[in-house]
Structures are given as C-alpha cells and as structure tokens.
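Working notes, structure below.
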Amino acid sequence: MAEAAPKISFVSLGCPKALVDSERIITHLRAEGYELTRTHEGADLVIVNTCGFLDSAKAESLEAIGDAMAKNGKVIVTGCMGAEPGEIRGRFPGVLAITGPQQYESVLGAVHEAAPPAHDPFVDLVPPQGIKLTPRHYAYLKISEGCNNRCTFCIIPKLRGDLVSRPAADVLREAERLVRAGVKELLVISQDTSAYGLDLKYAASPWRDRAVSARFYDLAKELGELGAWTRLHYVYPYPHVDEVIPLMADGLVLPYLDIPFQHAAPNVLKAMRRPAHQEKTLERIRRWRDTCPDLAIRSTFIVGFPGETDEDFEFLLAWLKEAKLDRVGCFRYEAVKGAPANDIAAPVPDELKDERWHRFMKTQAAVSAQRLKTKVGRRIPVIIDEPGATVAKGRSKWDAPEIDGNVYVASRRPLRVGDIVTVKIERSDDYDLHGIAV
Ligand code: SF4
C-alpha cells in the first residue's frame, strides 16, 4: 500500500509573477506525490511565498508567516522577501528554511527534508499543463525573469537579478499545453515584456516546422496563432512596440497594452530612471490608436514621488486628460527599503500625497467613464469569469482579470466559466459595462 502523502498548506502572496512561481513549486510537489490542503492545521508543512516589494507587502508577508507559525509551526518561507532573510529570522527564529525568489530547487530540497515525499509518487495526478492557481480559463505565462532596468523606486533587479528570457519555443510549448487544457486567455507577464530576448540576442529556437526568434513581435504573433486570447502586460514604450499594434488590429493579439508609465512629467520620469521615458508618448499613443482604434491602454502611476513638485503633478493631470488611457491604477509613493529613490529628494508629505491621489483618481474616473460610454450600443465578445443566476460577471478584450473593470451580462441561458459570448452593451458607468447576451 502506498504511504499517506504528506500534506502541504501553501500561501501565495504578491504579484502575478510570484503566482507563477507558486504554480511551479506546487506542480513539482504534486508530481512528487505531495497533497495540498487548505488549512494550516493538520498540514505536515506550510510554505509561504512572500512579497517584499513594498513595506505594506512585507508586513502582509510577516503576518502570513506569523499565522503559519502559530497554527502549524513547520514553515518554509520563499519568494521576494526571502532574498533578505534577516528580518524573517529575527521575528521567527523557528522558521525551517528561507529561500529567495525562483529558488525552486532549494524550496523543494527544504520540503524533502522537513516532510519527505511518500514512496509512491502520484505522478499521473498532475495534469499535463501543471497546476494552475488561476481559474482554468485564463493563465499567466511568464516569458522572462529579472530586469535590466534600474528604476530608482524598485528593488526587483536586486532581488531577482538581470533579465533572463526563456527561449521562444519553451514559452510556446507551455502556452500550447495550456490552450489544450482549456485555457482561453494567456496573460503574458515578465518585469519588462518588451525587452524579451535581449539577453538571448534574440536567438531562434525550433517550434513546429520553423524557427522562432526570441523577439517580442515574433513571440506575440506565434502566441496569437494558438487560438486563445493573448494579453500583453508590462510593456514599455520602446520604438519596436509599434510593430505589435498591427497584430492587435488584425485580431491576433488582444487590443490591449499594459504599460506602467508611472508618471508623465519629464523631471520625475528622469528621477525615476524609467525605461523608454524619452519616447514621445502622447504622439505614439495617437498613432497606435490610428492603427488600432479599439486599443485599450492600461497603466499604473505613482504620485508623491520624492521631489515631485506642484508643476510636475499638474503636468501629469494634463497628460492624463490628453492621453485618455482606458484603465489606470494609482499608488501613493511608498519608500521601499534599499531603493535609491528614498535619497533623491525630500519626501512629499503624506497629506499632499493623499490630496494628489484623490485629484488623480477623480480626473481618471471622468476619463474612464467617457471611454466606456463609447462602447455602449456595440456588440462585443465577453469572457465569463463568474456565472450568476441572472447576471454573469465577465470581461471584455479591454479588461485583464483582477486589475481592470467587468462586464455584467444579463442572460436567459446559463453561462459557464470560460464561455466567450457576444454581448450587446446597454450602459456603462465609471469602470464597468452592462449588457445582454445575444
Ligand atoms: S522596469 Fe523598473 S520597476 Fe519594473 S522591475 Fe525593472 S527596475 Fe523594477
């Protein structure tokens, strides 16, 4: 008889990139016969995949570790916060092991030591596409690790190192497996998607009957041909990004670009050392929309960056009104330990940060409402995330899961998760659309 499989409780914190790491670890563990359990109590071991990007994320990570220690006591910590183990060791000396991001081997080694695998590995329990923590109809596809940029507010390159891209064929094989397993939407992620392949010198790798170069355009095109929705995240406005816009106009890749602009004022962008900050962005956006009128642009911004003046902030608001971005998130600047930005200039006082944040959000809400109004009356495809008795929740091609808006779909027939249905849009509000399945 097979031994009982050790049970692992897994906590995954942080960004989509960390989620992909969690999925990899879990897939390995499942392949070795480990079981997952939802509660810390009764588990043989708890793994906490931490995020250490902002102080608030660190606090959340420490709280999760504390909770696991209290409820279970056998805890392995991995992820971004694991790159600096001092703080964790100081607070929780009893933690079994601490490993940094992407140190899959070390995590697995620590697990083997603390809870050796059962003798009879249930390899066939692992679905061929691996274990996904996202719902089955969409999946994150990580195309590279690390980052060659050195934005002054960010410690990710310190934590994760320089850019390391996956060969194109490797990414495409994973994407194909996901699509075969029923995934309808691929979310391409990395720290800097448009830099993809630079470290590989864009080397080609064999895929089907051809060689595919590790280039942003080539990869996007091949992914688009797999038949699922392909959404591009974390793209910087380098000149070569212009090439993918026709792929969007042709319907091969979703008409969606997630570009974390972070600011618009030249002074602030320079102080942030943002990639591609000298490109004439407003002009580029105009041209992109000429080529692909349906293009949705989503972005994130930081207000209250050290040294941000009133003029800088007014510049940002004016830029925002002009750029008319579709989806926007905004953060108040938070000092990250070890980030050079902290020493650039005097911090902006919290009340002023708050005031700027509110003005920013108000300005963008008006832009967003205006953009969404133009969709009323159209018939658009919507992917269903959550079925409902009479109204289902879904997303348009212009909305990524978790971060963007929703489309609320009234339907007489039952809709299932992952269905892509045509919806007639009847009304809009600040962030969402409402319509009826036709
Ligand atoms: S692009 Fe900048 S913000 Fe993004 S990971 Fe690289 S250094 Fe950090």
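Only this structure's heavy atoms are used, side chains among them; waters, hydrogens and symmetry mates stay out. Start at 1 and go down the list; that is how both ligands and their atoms are numbered.
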Inset, instruction - Decide yes or no on side-chain hydrogen bond (donor to acceptor under 3.5 Å, both in side chains) for Glu402 and Tyr138, but give the supporting numbers first. - result: CA-CA 11 Å; Glu402 318 276 341; Tyr138 64 82; 3.2 Å; yes
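Within the coordination shell of atom 2 (Fe) of ligand 1, defined by N, O or S atoms under 2.8 Å, Cys154 is absent. Under 2.8 Å from atom 8 (Fe) of ligand 1 lies no N/O/S atom of Cys147, from backbone or side chain alike.
Near Pro157, with a cut-off below 4.0 Å to any heavy atom, the atoms of ligand 1 are 7 (S). Annotation for ligand 1: atoms under 4.0 Å from non-hydrogen atoms of Arg274 are 2 (Fe), 3 (S). The contact set between ligand 1 and Gln191, taken as ligand atoms under 4.0 Å from a residue heavy atom, comprises 5 (S).
Looking from atom 2 (Fe) of ligand 1 to the surrounding protein, the closest heavy atom is Cys151 SG, 2.3 Å.
Using modelled atom types, one finds a donor on one side chain and an acceptor on the other under 3.5 Å when comparing His233 with Asp258.
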Do any side-chain atoms of residues 341-351 form donor-acceptor pairs under 3.5 angstrom with protein atoms, and if so which ones, sequence neighbours left out?
unit_1, atom_1, unit_2, atom_2, d
Asn342, OD1, Tyr333, OH, 2.7
Asn342, ND2, Val336, O, 2.8
Asn342, ND2, Ala339, O, 3.2

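For Asn149, heavy-atom contacts with ligand 1 shorter than 4.0 Å involve the backbone as well as the side chain. The side chain of Tyr236, and not its backbone, has at least one atom closer than 4.0 Å to an atom of ligand 1 (non-hydrogen atoms only; side chain from C-beta on).
Side chain of Thr50 to main chain of Met81: a donor-acceptor pair is present (N/O by atom type, distance under 3.5 Å, no hydrogens or angles).
Using a 4.5 Å heavy-atom cutoff, the side chains of Arg356 and Phe360 are not in contact. Using a 4.5 Å heavy-atom threshold, the side chains of Val268 and Gln262 count as separate.
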